[in-house]
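Please read the structure below before turning to the comments.
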Number of protein chains: 2
Amino acid sequence: MGTDRAVETIQREMTTFARRARASAGRLHPELSLVSYTLLSHLEERDGRRATDLAAHYSLDKSTVSRQVAALERAGLIERRPDPEDHRVQVLHLTDAGRRILAQVTENRQAAFRERLADWPEEDLRRFAGYLERYNAWSGEAPAEGN
Amino acid sequence: MGTDRAVETIQREMTTFARRARASAGRLHPELSLVSYTLLSHLEERDGRRATDLAAHYSLDKSTVSRQVAALERAGLIERRPDPEDHRVQVLHLTDAGRRILAQVTENRQAAFRERLADWPEEDLRRFAGYLERYNAWSGEAPAEGN
DNA sequence: CTCTCCTGGTTGCACAGTACAACTCAGCGG
DNA sequence: CCGCTGAGTTGTACTGTGCAACCAGGAGAG
């Protein structure tokens, strides 16, 4: 019936999208990898998070986050400040440079999407956005996907 | 206005999805990587493609495809047959094992999506599927994303 | 107070996926 | 025959990732 066909299509198209995103991420956005971008965005929204928080939130290994954070710090986009309350902890903050790069990359991505979605009626855009939010908001019994 | 908000949301949610897909691909589907899965699917639809075709189709380097193909062959999922017409060419075919694994993995993925989308009204599913197809079908001036 | 356990983070190692460049081999056009 | 082109392979390097071992700071039990 129609439902199965629709689910099949969704599965197929999401797979296609994921594959392309992966393939093109490095080439299209050399400024900032997907994960770096996400981490930076997260910090922009909620400054002063710990690396562990990020790892938990994105289901990444703490070692991965540690290295990403180290790279971002080397690039001068974030700062690690010791937490006076707990000397094990490093609190992460965006630097001005980080904020600037983030804004610029966001704008680039945004522009790409705008172009791609240019001839969509607003009604469709709003519905599509809603569906995506709803899709991502799902949290089944597998908390493995994080967020 | 509403359009910009919607595009912003779409950008954000697509990014989230891509990040999660990347993170969970290996863990959730250890049987077959995303790319392997895609290549196998492609071969199921159009048997007898050449490695170069796949590379072009997915904007992957031919060396990457070469290695992926080699791995799939080692795993017994595809066969490489010399093309009698042109001895430079290797024509790729799914084996029975490949077809079986592919079917099983597809079913697993499908089930995950079905569960995730279980309480969506059919109308929404069909619209969402349509939007995704439309989104992926877009081919701007950057043919880099392939397909 | 000290000993043990817990927690945040780093580092060593391994591995997948990828690109680029150099190469081999087969076919093609002069 | 000779050089050019195209298919595919291989060497090398880099990124992102996880796991396991480790280190250092805190917290509670005795």
Side-chain angles (χ1 to χ4, degrees), chain A residues 15 18-40 48-75 78-92 144-146, chain B residues 15 18-40 48-75 78-92 144-146:
Chain A
T15 302
R19 177 178 39 70
R20 288 189 188 170
R22 168 163 203 162
S24 59
R27 273 166 292 169
L28 269 59
H29 309 288
E31 327 90 344
L32 225 49
S33 82
L34 198 59
V35 169
S36 298
Y37 176 75
T38 308
L39 296 183
L40 243 51
R49 307 292 265 172
R50 303 171 306 161
T52 300
D53 297 335
L54 297 177
H57 195 90
Y58 295 113
S59 330
L60 291 170
D61 194 81
K62 55 182 180 165
S63 64
T64 300
V65 173
S66 173
R67 280 182 251 264
Q68 292 285 335
V69 162
L72 289 174
E73 191 189 34
R74 264 198 310 281
I78 64 176
E79 277 178 5
R80 287 191 272 200
R81 301 212 270 259
D83 182 342
E85 316 242 306
D86 183 340
H87 286 196
R88 292 170 302 178
V89 170
Q90 297 176 342
V91 178
L92 305 176
E145 291 206 50
Chain B
T15 302
R19 177 178 39 70
R20 287 189 189 171
R22 167 161 205 163
S24 59
R27 273 165 292 169
L28 269 59
H29 310 288
E31 327 90 343
L32 226 48
S33 81
L34 198 60
V35 169
S36 298
Y37 176 75
T38 308
L39 296 183
L40 244 52
R49 306 294 261 172
R50 303 172 305 162
T52 300
D53 297 335
L54 298 178
H57 195 91
Y58 295 115
S59 333
L60 291 170
D61 193 82
K62 55 184 180 163
S63 66
T64 301
V65 173
S66 174
R67 281 183 247 264
Q68 291 285 336
V69 163
L72 288 173
E73 189 189 36
R74 264 198 309 281
I78 64 175
E79 277 179 4
R80 289 192 270 200
R81 301 212 271 258
D83 183 340
E85 315 243 307
D86 184 339
H87 286 197
R88 293 169 302 178
V89 170
Q90 297 177 342
V91 178
L92 305 176
E145 290 205 49

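Computed from heavy atoms alone, side chains included, the values below leave out hydrogens, waters and symmetry copies. Here is how names work: the chains are called A, B, and so on, in the same order as the sequence lines, proteins then strands, and each is numbered from 1.
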Original post:
What nucleotide among D:dT9, C:dG8, C:dA19 has an atom nearest to a side-chain atom of B:Ser66?
Top reply: D:dT9

Original post:
Does B:Arg67 get its side chain close enough to the base of D:dG11, under 3.5 Å, for a donor-acceptor pair?
Top reply: yes

Subject >> Taking every non-hydrogen atom, the tightest pair across A:Ser36 and A:Leu72 >> reply: CB-CD2, 4.0 Å

Original post:
Please give, in whole Å, the distance from C:dG9 C1' to A:Leu92 CG?
Top reply: 11 Å

Subject >> Separation of atom CG in B:Leu39 from atom P in C:dG17, rounded to whole Å >> reply: 11 Å

**OP:** Compare every heavy atom of B:Leu92 with every heavy atom of B:Arg50, then report the nearest pair and how far apart it is.
**Re:** C-CD1, 4.3 Å

**OP:** Would you tell me if any nitrogen or oxygen in the side chain of A:Thr64 comes within less than 4.0 Å of OP1 or OP2 on D:dG16?
**Re:** no

Original post:
Quick one: B:Glu85 CD to C:dA26 C1', roughly how many Å, whole number?
Top reply: 14 Å

Subject >> Length of the line joining B:Arg49:CZ and D:dA7:P, which is rounded to integer Å >> reply: 13 Å

Original post:
Is A:Val35 touching bases, backbone alone, or none of the nucleic acid, heavy atoms closer than 4.0 Å?
Top reply: sugar-phosphate

Original post:
For C:dG27, does either OP1 or OP2 sit under 4.0 Å from a side-chain N or O belonging to B:His87?
Top reply: yes

Original post:
Which atoms form the tightest heavy-atom contact between B:Leu54 and B:Val65, and what is the distance?
Top reply: CB-CG1, 4.3 Å

Original post:
What does A:Val65 touch in the nucleic acid at a heavy-atom separation under 4.0 angstrom: a base, only the sugar-phosphate, or nothing?
Top reply: nothing

Original post:
Would one find a side-chain N or O of A:Ser33 under 4.0 angstrom from OP1 or OP2 of D:dG16?
Top reply: yes

Original post:
Which is true for A:Thr52 with a 4.0 Å heavy-atom rule: it touches a base, it touches only sugar-phosphate, or it touches nothing?
Top reply: sugar-phosphate

Subject >> B:Asp53 vs A:Gln68, nearer the 5' end of DNA chain D by closest nucleotide >> reply: B:Asp53

Original post:
Can you name the closest pair of heavy atoms from B:Gln68 and B:Leu39 and give their distance?
Top reply: CB-CD1, 3.9 Å

**OP:** Please determine if a side-chain N or O atom of B:Arg19 lies less than 4.0 Å away from the OP1 or OP2 oxygen of D:dT17.
**Re:** no

**OP:** Let me know the distance between CG of A:Asp61 and P of C:dG12, rounded to the nearest Å.
**Re:** 16 Å

**OP:** Specify the separation, in whole Å, of atom CG of A:Asp86 and atom C1' of D:dA24.
**Re:** 11 Å

Subject >> Donor-acceptor contact present, side-chain B:Ser66 to main-chain B:Lys62, <3.5 Å >> reply: no

Original post:
What nucleotide among C:dG9, D:dG8, C:dT11 has an atom nearest to a side-chain atom of A:Arg50?
Top reply: C:dG9

Subject >> For the student: nearest non-hydrogen atoms of A:His87 and A:Asp83, plus distance >> reply: CD2-O, 3.6 Å

Subject >> Short side-chain N/O contact from B:Arg88 to OP1 or OP2 of D:dG8, under 4.0 Å >> reply: no

Original post:
Once you round it to whole Å, what is the distance between P of D:dT17 and NZ of A:Lys62?
Top reply: 17 Å

**OP:** Among C:dG27, D:dG11, D:dG8, find the nucleotide with the atom closest to the side chain of B:Ser63.
**Re:** D:dG11

**OP:** Starting from C1' on D:dG25, measure out to CD on A:Gln90 and report it in whole angstrom.
**Re:** 12 Å

